[in-house]
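The chain is numbered in sequence order, starting from 1.
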Amino acid sequence: MVVGDVTTGTELLVIGGGPGGYVAAIRGAQLGLDTTLVERDAYGGTCLNHGCIPSKALISASDVAHDARQAESMGVFADPAVDMAGMTEWKDGVVTRLTRGVESLCKNAGVNLVEGTAEFVDDGTVRVAHGGEGQGSESLSFEHAIVATGSRPMTVPDFEFDGEHILSSKDALALESVPEKLLVVGAGYIGMELSTVFAKLGAEVTVVEMLDDVLPGYEDDIAAVVRDRAEDLGIDFNFGEAADDWKETDEGIRVKTVDEDDAVTEYNAEKCLVAVGREPVTETLALENIDLQTDENGVIPTDDQCRTAFESVFAVGDVAGEPMLAHKAMAEGEVAARAAAGEPAAFDHQAIPAAVFTDPEIATVGMTESEAEAAGFDPVIGQMPIRANGRALTVNEKEGFVRVVADADEEFLLGAQIVGPEASELIAELGLGIEMGARLEDIAGTIHTHPTLSEAVHEAAAAACGEAVHTR
């Protein structure tokens, strides 16, 4: 690439190297497009570097320590020591390996990689500012552009992230010691995952949440299983409270919250993690130069081909709105790249699975019972409790369930909800079932390996058919 005032051309320009962006770039190059990927930070984006991968690494490591301490009922007695700095170093090694892998995949596919921040000059040109003093900038012309700039943690007024007292999820994942007392603002999936990690590593964790329960958006019986397990870990929940102010103390910080009656509560902690959601990153793009508008949530509206209001500009991933999931971004990146290459492609929202890596895990796909009713179906439900699954008991798990939702008339699978061990893996079968138009009898008639957790999926489908054997 030429640095300076010379404009270099590319057929497909991808802005952002996260899951949506790098997948779009690789697929575009594989389809024969001259493809350029601009990334200002690290390949793999937030998911790989500061989110999905590092958080799951710490979840796995904290589970090892916790499970060892709790294995007396299995005849195992241990008291492992936790070296948080060593754990973080191991986590960083996993991230580095995968980041380099993404960069290598892009290069092997023939993608041109450019480091810098891209902003639109017009509907066919961007200017890329290179990082570092004296690095300059360059112009790139394009035929098609895919915006994949992702999202960032949302802040709470007066709780700006400083990396020392007020932490974002990125900050929390980089800690090299376990806080003695951790206050978490927000009981959504990020807050619950990280609360669980630090509780298992020995922190005294308190969670404050504006709403009346954990995991807003999930059904009550799902949230209850996760909340109860978290309370067993010693996590203290305070609902109906909003973070209002904080100050530094000799021991750390003191955070003030208020409820709807303006009653004030104060919490002392070493650190405060703010995990109240994420918002799209668009301010670096100079969208005003192409007169492209975002909605009230900062999202770039798109159609089923991920096109924006400009036919030559696409948007994928978090910047294109909910659900903010890496696998959804990847699927959108595929669609956008194929559409840019002139191939028939459209994004199907029917069966996007979602997983929360709490203890136990949660995974969902398709419709809930109430959503099916609202859509005009007469739903039939089948459910298998985890405590009745032999394999679950052999891994010392008793709480949770597998639930399937189907149309009572045709018995087509409409959705599924799982809370229990390995839920994130079990959901794939049910997502495939929805995509293929499977009926309950297809799931119930498929022989599942014994003894496995997947038998709970089989039994839930059989229960919906009125043919359960292992449940009452």
Side-chain angles (χ1 to χ4, degrees), residues 56 59-80 187 189 192-202 205 207 213-215 218-237 353-365 368-369 381-405 416-430 443-444 448-464 468-472:
K56 276 57 192 180
I59 287 169
S60 295
S62 64
D63 282 347
V64 170
H66 177 262
D67 291 347
R69 293 192 186 102
Q70 301 297 316
E72 289 90 346
S73 64
M74 302 170 74
V76 178
F77 296 83
D79 186 17
Y189 73 95
M192 289 301 298
E193 287 183 357
L194 293 181
S195 295
T196 302
V197 165
F198 286 103
K200 288 183 174 181
L201 293 177
V205 180
V207 179
D213 205 351
V214 303
L215 299 169
Y218 285 90
E219 294 168 290
D220 291 346
D221 55 352
I222 291 176
V225 175
V226 174
R227 184 187 63 248
D228 289 348
R229 181 72 65 87
E231 289 176 338
D232 289 342
L233 292 172
I235 298 174
D236 184 29
F237 292 99
V356 183
F357 293 82
T358 45
D359 183 2
E361 290 183 358
I362 298 169
T364 62
V365 68
T368 63
E369 180 180 8
I381 307 301
Q383 190 159 309
M384 168 69 163
I386 291 297
R387 64 177 178 273
N389 176 266
R391 180 58 178 150
L393 296 183
T394 67
V395 295
N396 207 27
E397 291 285 352
K398 302 175 184 177
E399 304 303 323
F401 54 82
V402 174
R403 179 163 60 219
V404 298
V405 182
Q417 301 84 44
I418 304 175
V419 55
E422 304 295 340
S424 59
E425 302 291 345
L426 295 176
I427 202 67
E429 174 183 359
L430 294 161
I443 305 295
H448 288 64
T449 308
H450 175 77
T452 63
L453 297 169
S454 69
E455 289 179 286
V457 175
H458 171 274
E459 187 71 9
V469 171
H470 299 95
T471 56
R472 286 182 285 179

>> Working note: Y218 + D213, criterion side-chain contact (heavy atoms from CB on, under 4.5 Å); need CA distance, chi angles, decisive distance, verdict.
In response: CA-CA 10 Å; Y218 285 90; D213 205 351; over 6 Å; no

>> Does E429 form a side-chain hydrogen bond (donor to acceptor under 3.5 Å, both in side chains) with H448? I'd like the steps, not just the answer.
In response: CA-CA 11 Å; E429 174 183 359; H448 288 64; 2.7 Å; yes

> So I59 and T196, side-chain contact (heavy atoms from CB on, under 4.5 Å) or not? Walk me through it.
Replying inline: CA-CA 8 Å; I59 287 169; T196 302; over 6 Å; no

> Where do I443 and V404 land on the side-chain contact (heavy atoms from CB on, under 4.5 Å) test, with the steps shown first?
Replying inline: CA-CA 10 Å; I443 305 295; V404 298; over 6 Å; no

>> Quick one, R69 with D79, criterion side-chain contact (heavy atoms from CB on, under 4.5 Å). Give me CA distance, side-chain angles, the key distance, then yes/no.
In response: CA-CA 6 Å; R69 293 192 186 102; D79 186 17; 3.8 Å; yes

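Rounding to the nearest 0.5 angstrom, the gap separating the CG atom in D359 from the CZ atom in R229 is 4.5 Å. The CD atom of E361 lies 9.5 Å from the CD atom of E397; values are rounded to the nearest 0.5 Å. Taking CG from L215 and CD1 from I222, the interatomic distance works out to 9.0 Å, rounded to the nearest 0.5 Å. Atom OG1 in T364 sits 11.0 Å away from atom CG in L430 (nearest 0.5 Å). If you take CD on E425 and CD1 on I418, they are separated by 10.5 Å, rounding to the nearest 0.5 Å. Note: L393 CG to I386 CD1 = 9.5 Å, rounded to the nearest 0.5 Å.
Side-chain N or O atoms of E399 include none that pairs as donor or acceptor with a backbone N or O of V225 at under 3.5 Å. Here the side chain of E459 pairs a donor or acceptor atom with the backbone of V469 at under 3.5 angstrom. T452 contributes a side-chain N or O that, together with a main-chain N or O of T449, makes up a donor-acceptor pair within less than 3.5 Å. Side-chain atoms of R391 do not come within 3.5 Å of backbone N or O of A456 as any donor-acceptor pair.
The shortest non-hydrogen separation linking N389 to E455 is ND2-CB, 3.9 Å. Scanning all heavy atoms of the two residues, the minimum distance from P421 to P360 falls at N-CB, 4.3 Å. Considering all non-hydrogen atoms of both residues, A187 and V207 come closest at CB-CG1, 3.9 Å. The two residues A363 and I427 make their nearest non-hydrogen contact at CB-CB, 3.7 Å. Closest heavy-atom contact between M74 and T394: CE-O, 4.3 Å. Taking both residues in full, the closest heavy atoms of A461 and A444 are given as CB-N, 3.9 Å, listed atom of the first, atom of the second, then distance.
At most 12 heavy atoms of other shown residues, nucleotides or ligands fall within 6.0 angstrom of atom CG in D220.
Looking at I362 and V226, their side chains come closer than 4.5 Å, going by heavy atoms from C-beta outward.
Partner Q417 forms a side chain to side chain donor-acceptor pair (under 3.5 Å) with one of R403, Q383, E369 and no other, that one being R403.
Between E193 and K56 there is a salt bridge, since at least one side-chain N of the basic residue sits less than 4.0 Å from a carboxylate O of the acidic one.
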